[in-house]
Each structure stands twice: as C-alpha cells, then as structure tokens.
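Notes for the one structure printed next.
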Number of protein chains: 2
Amino acid sequence: MSHTLGIRQAQKQKTRQALLDAALGLLEEQSLSSLGLREVTRAVGVAPTAFYRHFRSTADLGVALVEEALGSLHPMIRTTVSSAGDSDQRIERAVELIAHHVETQPAHVRFIARERHGGVQSVREAIQDQLARFAEEVKVALAEDPVSEGWSDDDLLMLANLYVDQMLMTASLFLDVLEAPEEERRRVAQVATRQMRLISIGREHWLD
Amino acid sequence: MSHTLGIRQAQKQKTRQALLDAALGLLEEQSLSSLGLREVTRAVGVAPTAFYRHFRSTADLGVALVEEALGSLHPMIRTTVSSAGDSDQRIERAVELIAHHVETQPAHVRFIARERHGGVQSVREAIQDQLARFAEEVKVALAEDPVSEGWSDDDLLMLANLYVDQMLMTASLFLDVLEAPEEERRRVAQVATRQMRLISIGREHWLD
DNA sequence: AATTCCGGAGAACAGTTGTTAACTGCATGG
DNA sequence: CCATGCAGTTAACAACTGTTCTCCGGAATT
C-alpha cells in the first residue's frame, strides 16, 4: 500500500517530527500563544526559516499537534466504552487506561488540557472537533448497551459528553500527581473511579 | 473600620484597577504566558515602568486577577447549593445563575477556564486553591442535606468536586455560545441541566 | 511652611521576535 | 548525465520585549 518515500521526503518528515517534538517539549511550561517559531527551530537545531517549509505559523503547528495527540485515540475510546464485563469492571479498566495513557504521553495530555480553552482559536476548534467526534463515538457505543433502552438520542449524547469531559478531567488530575508518591496517585484513581461510578448509577436510574 | 484613603492611595488603586481591566481585556484573545507588561501599560496609557509599582510581573497580575474573579464568588456558591426547593428546582436555579454570571462577567470566566490549565504555574495554583475552597464549601453544604445521611467525608468531597467541575464545564459551554442565538443557548442550558440532574440521581442512589 | 515620600515619566540597554530575500547543495525525474 | 525542484541556510530588517537608572511633581508628614 503506502509507497516507500524517497530519502528526500523522509528527511523532511523527520525534520517536521523534530519540530513537533521540540514544540511539545517547550509547551510543558508555557501556552501555545507564547510559543515562538524561533524558539522551536533553536531547540531542533535548524534555521528559523526552515520552519516555514513545514508550518505556516505556530498556530498551524498546534493544529498538527492536536491531530497527533487525539487522532490515534479513537479506536482506544471505542473498545474501552463497549468492552465486556459489568459496569464497575469497565469503569476500573477505563480509569487504569487513562492513568496509563497519562504516564506514557504526559506532554500530549497536558497540551490538550491546556489548549482546550487556550488562546489560539484554530487550535481550540481543532480540539473541540476531536472531542465532539469522541462524544459521538461514545454515544454509538452507549446506544448498543441494553441499559440504554428507551433513551432519546439527545440524552445519549448528553451522557456521552459527560463521560468525555469526565475522562479529560480525570486525565488532568493524573497529570497533577504525575510526580507524586504512589499513594496519592492511587487516591486520585479512587476518586475518579467513584465519580464515574456515581455517574453510571445516575445513568441506570435515569428513566425512573 | 476602613479608613478613607488619601487621594494618593486612591489614585494608585485606580491605576492598579486600570491595569487589571486592560489585562483582562487583552486576555480574551491570548493566554497569560504571552501577555506582555508593555502591552498592558500601553492599553492603559501609562509608562511601562509604572507597571512595577503595582505588580512584580504579569504572573503576579494574573494571581490578582484570580482573586478578583473568584474571591467574591464564595457566598454565591454557598447560598446556591444549600437553597430551598426540591432537587430539580435547585439545579435549574444553579444553571440559570451560572448562565447569568457568564453573561455579566464573560472575561473573568474565560480567564479562569483558560488559565486553570494554563502555562503559568503560580496562577494555576491560585485557581486550584480557590476551587478547592469551593469544593470544601460545597461539601459542607451537601453534608447538611438529609440526603447525605450515611455518606463518608471522602465521598462527600468526591461529589463536591464533581459538582464544582461540572459548574466550570457548564460555564465554559455558555461562554462558547455567548454570541449564539437564544435558541442554541437554551439548548446548552438544557444539556447542562440534564447532566446535573443525572449526577443528582446518582447521588440519591449512591448508598443502594 | 519645610521636608520627605512615592507614583509615574523618560531614556536607554541588550536581546528577542516574525518575515523577507537571495543563496546553496543534493536528491530527483527525464 | 544533466536539468529541475526543493529542504534548509545566511543575512538583514524593523519592531518589539523586560529591566535599569535617573528624574519630576505633588501629596503626605512634621
């Protein structure tokens, strides 16, 4: 299928990825709206003008980072929400999965949490788009569950959005305790689990 | 009691407030980490050096903005959560109150939503502190409710945090549709109301 | 009435920024 | 094998940044 790219395009993509990685690193301690293009190229070790070969602006780079951070997460979401087991088991697995993702991709998670309401409109919109897609996918998965019998489409989407937001909130909490002792991290996991559980209980009694 | 300040201190506070107001305006379209001190003083019409008479840095100004945005909200939170009426009535009133606050203080709300996970650590911490105080106050209010009989202190705080986060999420949603037609704003209000209601249902069946 | 205090102004500093133009060297396609 | 394309470089630009030091005028204090 995918054609093996020449050594030219390969080099280009390598530089592009280096720019993305450097930017992601710099964004751990600042917001995108204050990220300078020279700052990024300096970190990579290329001339400032090389930046323009890959991105129109830092905002443009930000949109690419959104795709990188969230684009590959869709299958994960789907399989998690519609996995087997009873409610409590699924919740526990979801929280563990979030914790694991935050541990392996902290910079990506931080970037999304930060720029979701950040100062760059195009990036905000890109994130909202992805999250809306997540919510839609969660909605579809929820609809397949027998518990959702009798639910309106609006209410399913309402619940899906609640779940998505709760996942992001949980991810952000895990971020805050990344360097904290195991004990506190477990405490955060337990709080997140109970919040999810409470929402699920609300779901089960919604039609009463 | 409060001494009437001389015309000297009055002028100073006036300039300080002008700096805060100008900064808040500029922050509608960017993040605090990219806000320049000269930018702020230029907007006010004073010399750049005058800034130092009031704040050590823009981060310092950010902390002051947090106090201004959230400091006066504590009594409002308390009375809202522990108001009379049945569950649905209280939720509806809370959502209306949030909508009203977003309409009257959009810049403040945007600032908090943006900088809660923003790039300036001291401001992030100031916001977390205030939100933790909110959660504590909500917890106390919840504890007074007969529905909370048999709840552990941890679970009350868990629920309080869920409510606080949900309020912020709702506020952020209202921000996004500030300029939208009345119809869409009502739709957002209804979604927020139902999410709150679902959480409340989960609360009522928590001990089952 | 004389003196101190202090918020703000002014000028200057070295360093940074985004963007432009014209260039170089090398992989590519004919 | 040679001509084209294009990722990356070099140099220069005007504009901007935070910070320092010195100064001024008027309110506050005595």
Side-chain angles (χ1 to χ4, degrees), chain A residues 2-27 29-65 115 118-123, chain B residues 2-27 29-65 115 118-123:
Chain A
S2 75
H3 178 251
T4 311
L5 352 67
I7 82 176
R8 184 146 210 177
Q9 301 206 26
Q11 238 330 306
K12 178 169 185 180
Q13 291 220 1
K14 205 170 155 188
T15 304
R16 183 189 141 101
Q17 192 57 47
L19 289 169
L20 287 170
D21 292 347
L24 198 60
L26 291 165
L27 285 172
E29 296 169 341
Q30 63 184 310
S31 307
L32 182 65
S33 78
S34 68
L35 182 69
L37 128 194
R38 294 184 98 107
E39 203 178 345
V40 178
T41 56
R42 193 185 313 131
V44 173
V46 299
T49 47
F51 186 90
Y52 292 107
R53 302 288 182 194
H54 303 276
F55 307 102
R56 219 184 301 270
S57 63
T58 51
D60 201 30
L61 179 147
V63 173
L65 275 179
E115 300 304 329
V120 183
Q121 198 186 21
S122 57
V123 172
Chain B
S2 75
H3 176 252
T4 312
L5 359 65
I7 82 177
R8 185 147 209 176
Q9 300 207 25
Q11 239 328 307
K12 178 169 186 180
Q13 292 220 0
K14 205 171 155 187
T15 304
R16 183 188 139 100
Q17 192 58 47
L19 289 169
L20 287 170
D21 292 347
L24 199 59
L26 292 165
L27 286 171
E29 296 169 341
Q30 63 183 312
S31 307
L32 182 65
S33 77
S34 68
L35 183 69
L37 128 194
R38 293 184 99 109
E39 202 177 345
V40 179
T41 57
R42 192 186 313 130
V44 174
V46 299
T49 46
F51 186 91
Y52 293 106
R53 302 288 183 194
H54 303 276
F55 307 103
R56 218 183 302 270
S57 63
T58 51
D60 201 31
L61 179 147
V63 173
L65 275 180
E115 300 304 329
V120 183
Q121 198 187 21
S122 57
V123 171

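Lettering follows sequence order; numbering is per chain, from 1. Owing to the predicted nature of the structure, the values given are computational and were not obtained by experimental measurement.
- Residue A:Thr49 places a side-chain atom within donor-acceptor reach of the base of D:dT10, judged by atom type and a 3.5 Å distance cut-off alone.
- A search for side-chain hydrogen bond (donor to acceptor under 3.5 Å, both in side chains) contacts involving A:Thr58 returns nothing, not counting sequence neighbours.
- Heavy atoms only, all atoms of each residue included: B:Glu39 and B:Leu26 are closest at O-CD1, 3.8 Å.
- Residue B:Ala47 places its side chain closer to C:dA9 than to any other of D:dT19, C:dG18, C:dA9.
- Computed from coordinates, the A:Gln30 CD to D:dT17 C1' distance equals 15 Å when rounded to whole Å.
- Close to C:dG18, at under 4.0 Å from its OP1 or OP2, lies no side-chain N or O of A:Ser57.
- Side-chain N/O atoms of A:Arg42 and base N/O atoms of C:dT16 include no donor-acceptor pair closer than 3.5 Å.
- For the pair A:Ser31 (side chain) and B:Gly119 (backbone), a donor-acceptor distance under 3.5 Å is present.
- For B:Arg8 against C:dC5, a side-chain-to-base donor-acceptor contact under 3.5 Å is present.
- More than 12 heavy atoms of other residues, nucleotides or ligands sit less than 6.0 Å from atom CD of A:Gln17.
- Ranking C:dT19, C:dA9, D:dA7 by closeness to the A:Tyr52 side chain, first place goes to C:dT19.
- Following rounding to the nearest Å, B:Gln9 (CD) and C:dC5 (P) show an atom-to-atom distance of 15 Å.
- For B:Ile7, the listed nucleotide lying nearest its side chain is D:dA28; candidates were D:dA28, C:dT17, D:dT10.
- Rounded to whole Å, atom P of C:dT16 lies 18 Å from atom CG of B:Leu37.
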